[in-house]
Amino acid sequence: MIPSTINKVIAPLVAVASMLFLSDSIVAAKTLDIYFIDVEGGAATLIVTPLGESILVDSGFPGDRDAGRIARVARDVAHLNEIDHYITTHWHRDHVGGIARLAELIPVRRYYDHGLPGAPAVDIPPELIEAYKKTTQGRNEALRAGDEIKLRNAGTIRRLRLEVLAASGVVKGELPGAPQIRICNPNLKVKPEDKTDNANSIAFVLSYGGFRFFDGGDLTWNVENKLVCPRDVVGIVDVYQVDHHGSDTSNNPALVNSLMPRVAIINNGARKAGDPGTFATLKALPRIESIYQLHRNVLTTENDNTPATYIANEKEDCQGDFIKLSVDQTTRTFTVSIAARQISRSYRMGRRD
Ligand SMILES: [Zn+2]
């Protein structure tokens, strides 16, 4: 029998140790993590599900810098040995540019896009398409609005779902070849037809229990309109990855107001996007609690930037620090953190008030 004095000392320690172990394993088993990797005004969003399945959305610019940053976060921070799913939202160099190099640094299992370009286009660099074809070896799959990327789910974990809501300029519920401009409400403004590949971006909602996240690539104004008019096919979200790096050619208030996010994350560069009009639209949202930026926009004023504690990279010459979002179903909260700056803040998920 253990003497009672020793027991008094040991018992609480054992209890604390087992609690730590328990809470650690619960968190590890149930957190959905999303990393917004700084690729200097491009896009690279890495999603890791509670079961460890990974989805990378876009791969930044060509060259070593962005592929290196993505591989570092994937391997060293998220502890991944491979990327299970890789989505190219559209064919611009700041989105598809890094994949050829990245695939040399970490294995990529499945590739998705909105379909290879049928004809040369001025805004699609042919060498990037060639590099993509060489990397994918024909294993790429074209996604259409309404498609789902099937993710692994386990009985004890809240359901995860990734649904494509727009691709190739067509939104869920429309027929293939639907025109980009649809006048559905006289109060909604349209813009001249966007003939760039931005309008073809894949847009999706990732949902996990009551949590919802929207990533629309570089979707522009007219297709954004169609997502909410005549029928809202998106609904309210908790977190909005701000379209097109926060450009004012995108972020149609019709869509942004309808998404009604609690948190917005802008993957802008120091001198790219994060525009004042978009910032004003976000700031005016009734439910908004925080706006995060990957970079301070050095071209505008303090008033057009979020407070310093919500910016991952203050200096133009930066280390490429990322923003991490972590969704915890046990507490029904999600936490946004900038580890390099020891900044972390939690939010309630799913509230619709
Ligand atoms: Zn872009």
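In each ligand, atom 1 is the first atom listed, and ligand 1 is the first ligand listed.
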Peer 1: Which of parallel (below 30°), tilted (30 to 60°) and perpendicular (above 60°) describes Y240 and F214?
Peer 2: tilted
Peer 1: Looking only at N, O or S atoms, find the one in D94 nearest to the Zn ion (ligand 1) and name it.
Peer 2: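 Output for this pair reads OD2.
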Peer 1: Do D33 and Y35 come within less than 4.5 Å of each other through their side chains, counting heavy atoms only?
Peer 2: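 The answer is yes, as the side chains (C-beta and beyond) meet within the 4.5 Å cut-off.
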Peer 1: For the Zn ion (ligand 1), give me the closest N/O/S atom belonging to D218, just the atom name.
Peer 2: OD2
Peer 1: Need the atom name: nearest N/O/S atom of H245 to the Zn ion (ligand 1).
Peer 2: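 Checking each N, O and S atom of H245, the shortest distance to the Zn ion (ligand 1) belongs to NE2.
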Peer 1: Using a strict cut-off of less than 4.0 Å between a Lys/Arg side-chain nitrogen and an Asp/Glu carboxylate oxygen, indicate whether R101 and D64 qualify as a salt bridge.
Peer 2: yes
Peer 1: How about CD on E302, more than 12 heavy atoms from neighbouring residues, nucleotides or ligands closer than 6.0 Å, or not?
Peer 2: no
Peer 1: Give a yes/no answer: is there an N/O/S atom of D58 under 2.8 Å from the Zn ion (ligand 1)?
Peer 2: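 It does not; every qualifying atom lies at 2.8 Å or beyond.
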Peer 1: Nearest 0.5 Å, please: how far is CD1 in I265 from CD in Q241?
Peer 2: 8.0 Å
Peer 1: Does H95 bring an N, O or S atom to within less than 2.8 Å of the Zn ion (ligand 1)?
Peer 2: yes
